[in-house]
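Below, read A as the first sequence line, B as the second, and so on, with proteins coming before strands; counting in each chain starts at 1.
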There are 2 protein chains.
Amino acid sequence: MSKSDTVFKEAYNQSLALVVEGSVLPSEAELARRLGVSRTTVRAILDAQVAAGLIAWDSRLKQVLRAPRAEDYFPEDQTDAVSLRVERAFMSRVLSSDIRPGSQFNESDFARELGVSTSAVREFMIRFSRFGLIEKQRNRHWVLNGFTEAFSLELFEVREMFELRSARAFARLPREHPAWAALDAIEAEHRAFLEAPRARLGRFPDLDDRFHRLIHSASSNRFIIDFYDVISLIFHYHYQWSKIDEMERNATAVREHLDYIAGLRSGEELDAEFYCRKHLATARETLLSATRAREDARSEAENAAG
Amino acid sequence: MSKSDTVFKEAYNQSLALVVEGSVLPSEAELARRLGVSRTTVRAILDAQVAAGLIAWDSRLKQVLRAPRAEDYFPEDQTDAVSLRVERAFMSRVLSSDIRPGSQFNESDFARELGVSTSAVREFMIRFSRFGLIEKQRNRHWVLNGFTEAFSLELFEVREMFELRSARAFARLPREHPAWAALDAIEAEHRAFLEAPRARLGRFPDLDDRFHRLIHSASSNRFIIDFYDVISLIFHYHYQWSKIDEMERNATAVREHLDYIAGLRSGEELDAEFYCRKHLATARETLLSATRAREDARSEAENAAG
DNA sequence: CATCAGTCCTATAACGATAAAAGACGTAGC
DNA sequence: GCTACGTCTTTTATCGTTATAGGACTGATG
């Protein structure tokens with residue numbers, strides 16, 4: 001095989017939303033813009049829609065013939081890039097409790113298990129090594145460091161430094177800076193969350209991510225902003241993994257965010273700093289308790305085995 | 001082609017230092033340890049030495065027949081891993097003044113130019129992207145951000161945060177901690193430098209690197225320690241590129257390091273912090289002036305061309 | 001005359017293959 | 001009984017190839 005057609009499949013699925021009976025599809029360039037792909041891919045999608053009998057396509061006229069049915073969609077698992085599949089498989093392995101820190105990791109075994117090429121795994125490992133969970137010596141195997149308590153502590157030490165600095169920078173931004181408008185919008189989303197938390201269950205991680213990224217962007221420092229990718233990834237998988245008390249944790253975080261936002265708005269750097277620290281301390285504890293639980297589970301399993 | 005035999009060639013060249021007329025080579029395992037390679041590679045080296053008539057090899061006896069000559073060595077450019085060649089070529093391109101920030105970068109052209117495969121370039125780019133000088137959008141080309149003044153400022157902002165924290169942590173280390181002994185050794189090297197700077201010309205970058213890495217290690221934080229790789233790489237190529245006033249700059253840095261060391265030893269965190277800040281300010285200025293000179297050269301060239 | 005589609009070329013993502021290097025295991029020699 | 005060597009297996013580094021996606025150019029169309 002060669003390059004996978006996940007971009008095509010994902011965009012094809014998205015494009016079906018525009019296929020409304022009796023309507024006419026826009027120009028290729030317009031479709032390309034809306035779907036976020038190139039015109040080449042759009043043309044491939046249109047060809048496929050013709051083949052499926054969804055549309056009639058003659059140059060400028062793209063007439064919808066029938067509404068899409070469930071079987072017109074590509075299965076979801078085929079729409080993710082190989083790299084994403086590798087990432088997910090890898091993270092679920094790292095987050096699972098049976099990884100001993102310092103254990104070796106084999107590229108080709110993992111590739112075989114997932115049904116992808118060794119290069120795909122290899123490139124993932126290289127990309128992933130900046131997250132501090134794996135390391136390698138030249139010409140030797142990769143070593144899994146394990147998602148340990150030490151890792152969480154080190155991660156949060158840097159996060160605190162970076163976010164405090166960013167929060168202070170944010171508080172100093174001139175009032176006409178677009179970041180304030182973005183903050184207003186995010187604050188509104190938070191209030192909506194408080195009002196109907198149940199309806200928005202599972203959508204907090206995304207909001208959380210956007211909130212913290214906005215804060216970090218005020219640093220205007222690519223290293224600080226990039227570092228948030230590490231935190232973001234860890235939290236992304238962490239949320240998926242530990243669903244206990246989700247509602248309560250989210251509610252706490254939302255309230256802390258609102259205080260934090262108020263602190264930023266006050267223009268008093270010390271206020272911003274105070275609420276920033278407070279929120280980070282909570283987030284730190286949440287992550288640490290999960291990390292400890294996993295480490296306990298692992299050592300217990302080892303004792304039982306040994 | 002497949003995996004390159006640079007490990008073999010490099011180790012072969014090194015092994016020739018042990019080939020002294022009339023002597024006998026140690027065991028395979030011992031050689032492997034000394035050369036830092038596997039026994040497999042050692043055996044390949046011994047085979048090659050036999051083929052070159054350098055030694056007679058019969059099981060445990062490895063009798064040297066003649067001293068190595070100049071032509072017994074592999075040329076130096078064949079002893080570097082492909083990845084290292086890619087790195088060097090890439091850095092000299094980024095550091096050269098004719099890169100416009102935001103310009104595109106083509107994997108296959110670069111691969112053809114260097115005579116390596118596209119995968120080699122690709123893996124390098126992935127590895128290198130954590131240095132903040134390049135970026136990519138999915139399914140699109142790489143973008144060179146350029147080694148601009150903004151880059152240097154952002155780099156130093158983070159460096160200051162990390163090194164100050166590390167220096168404070170260092171000052172707090174208990175006196176029996178091995179880091180203090182390492183610091184003693186490095187201090188002695190600095191004093192030797194002051195006494196005979198000319199004899200040690202060109203060897204300061206290595207000393208500088210080891211000194212700062214030692215400081216950073218006191219943070220016990222993998223993210224802080226890893227970040228020093230970024231700084232180290234930038235400085236490595238920067239030193240090679242800007243040789244003006246080298247002696248003077250080195251002498252200043254050595255004196256600042258000695259003050260910094262004294263500050264760490266005093267046990268007063270404020271002292272350590274003061275001299276740390278002072279040294280970092282100098283380093284920052286040095287890098288910035290070089291960055292500005294390069295940016296000026298570029299815009300001048302562009303004006304001349306436009 | 002701006003927007004659209006047809007066509008073609010180029011660059012990237014992913015693959016599988018191969019030689020180099022690492023490493024494991026058993027046996028021989030001192 | 002330890003150390004060293006012979007042999008074999010496993011794993012990585014690097015390569016070249018292929019299908020997909022991006023993008024540029026050009027003529028057609030309203």
Side-chain angles (χ1 to χ4, degrees), chain A residues 1-11 26-32 35-46 57-62 81-86 104-112 115-126 136-142, chain B residues 1-11 26-32 35-46 57-62 81-86 104-112 115-126 136-142:
Chain A
M1 251 191 289
S2 57
K3 188 171 183 173
S4 64
D5 57 352
T6 54
V7 171
F8 164 76
K9 285 176 177 165
E10 170 74 25
S27 79
E28 292 177 10
E30 174 63 22
L31 281 169
L35 298 171
V37 297
S38 72
R39 249 189 70 217
T40 308
T41 305
V42 166
R43 287 173 65 83
I45 289 170
L46 292 173
W57 181 23
D58 177 38
S59 190
R60 307 204 167 200
L61 185 64
K62 308 173 197 76
V82 174
S83 51
L84 198 62
R85 271 197 292 144
V86 175
Q104 295 185 14
F105 179 86
N106 186 296
E107 285 180 9
S108 35
D109 275 359
F110 193 56
R112 211 172 307 125
V116 301
S117 77
T118 52
S119 327
V121 172
R122 193 178 159 71
E123 287 181 7
F124 168 76
M125 298 301 275
I126 295 172
K136 97 166 295 178
Q137 294 114 344
R138 196 151 136 1
N139 283 319
R140 279 191 191 77
H141 43 72
W142 289 95
Chain B
M1 250 189 291
S2 58
K3 190 171 184 174
S4 66
D5 59 351
T6 54
V7 171
F8 165 76
K9 285 176 177 166
E10 169 75 24
S27 79
E28 293 175 11
E30 173 64 19
L31 281 170
L35 297 171
V37 297
S38 72
R39 249 189 72 218
T40 308
T41 306
V42 165
R43 288 172 64 84
I45 289 170
L46 292 174
W57 181 22
D58 179 38
S59 190
R60 312 209 161 197
L61 185 64
K62 307 172 198 75
V82 173
S83 50
L84 198 61
R85 274 197 290 143
V86 175
Q104 296 184 13
F105 179 85
N106 186 298
E107 284 182 8
S108 36
D109 275 359
F110 193 56
R112 212 171 307 126
V116 302
S117 77
T118 52
S119 328
V121 172
R122 191 178 160 73
E123 287 182 7
F124 168 76
M125 298 302 276
I126 295 172
K136 97 167 295 179
Q137 293 114 345
R138 202 151 106 63
N139 283 318
R140 280 191 191 77
H141 43 71
W142 289 95

Can you tell me the distance, in whole Å, between the [atom1] atom of [X] and the [atom2] atom of [N]?
X: A:Asn106; N: D:dT9; atom1: CG; atom2: C1'; value: 13 Å
X: B:Asp58; N: D:dA4; atom1: CG; atom2: C1'; value: 13 Å
X: B:Glu107; N: C:dA13; atom1: CD; atom2: P; value: 6 Å
X: A:Glu30; N: C:dA5; atom1: CD; atom2: C1'; value: 15 Å
X: A:Arg43; N: C:dC9; atom1: CZ; atom2: P; value: 15 Å
X: A:Arg122; N: D:dT14; atom1: CZ; atom2: C1'; value: 8 Å
X: A:Leu84; N: C:dA13; atom1: CG; atom2: C1'; value: 14 Å
X: B:Leu31; N: C:dG23; atom1: CG; atom2: P; value: 17 Å

Exercise. Going by heavy atoms in the side chains, are A:Trp142 and A:Gln137 under 4.5 Å from each other?
Worked result: no

For this session: Taking the side chain as every heavy atom from C-beta outward, state whether B:Val37 and B:Val42 have any atom pair closer than 4.5 Å.
Result: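 Yes, close enough: below the 4.5 Å cut-off.
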
Seminar exercise, completed: Judged by nearest nucleotide, the residue sitting upstream toward the 5' end of DNA chain C, A:Glu28 or B:Trp142, is A:Glu28

Exercise. For the residue pair A:Glu28 and A:Lys62, what are the closest heavy atoms and their distance?
Worked result: N-NZ, 4.0 Å

For this session: Consider the side chain of B:Asp109, meaning its heavy atoms from C-beta on, and name the nucleotide among D:dC15, C:dA17, C:dA11 that approaches it most closely.
Result: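 Within the option list, the nearest is C:dA11.
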
For this session: Could you check which of C:dA13, C:dC15, D:dT12 has an atom nearest any side-chain atom of A:Ser117?
Result: C:dC15

Exercise. Distance from B:Glu123 atom CD to A:Ser119 atom OG, nearest 0.5 Å?
Worked result: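 The distance works out to 7.0 Å.
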
So [X], base contact, sugar-phosphate only, or nothing? Heavy-atom distance under 4.0 Å.
X: A:Ser119; result: base
X: A:Ser59; result: sugar-phosphate
X: B:Phe105; result: sugar-phosphate

For this session: By nearest nucleotide on DNA chain D, pick out whichever of B:Trp57 and B:Glu123 is the more 5' one.
Result: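 The residue whose closest nucleotide sits nearer the 5' end is B:Trp57.
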
Exercise. Do any N or O atoms from the side chain of A:Asn106 and from the backbone of A:Asp109 form a donor-acceptor pair under 3.5 angstrom?
Worked result: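 The answer is yes, because a donor-acceptor pair under 3.5 Å joins these two groups.
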
For this session: With sequence neighbours left out, write down each residue that passes ring-ring contact (aromatic ring centres under 6.0 Å, His included) with A:Phe110, or none if nothing qualifies.
Result: A:Phe105

Exercise. Taking it one step at a time, do A:Leu31 and A:Ile45 satisfy side chain to side chain contact (heavy atoms under 4.5 Å, CB included)?
Worked result: CA-CA 10 Å; A:Leu31 281 169; A:Ile45 289 170; over 6 Å; no

Seminar exercise, completed: Quick tally for nucleotides 21-30 of chain D: nucleotides whose base has a protein heavy atom under 4.0 Å get B, sugar-phosphate-only ones S, the rest -, giving SBBB---BS-

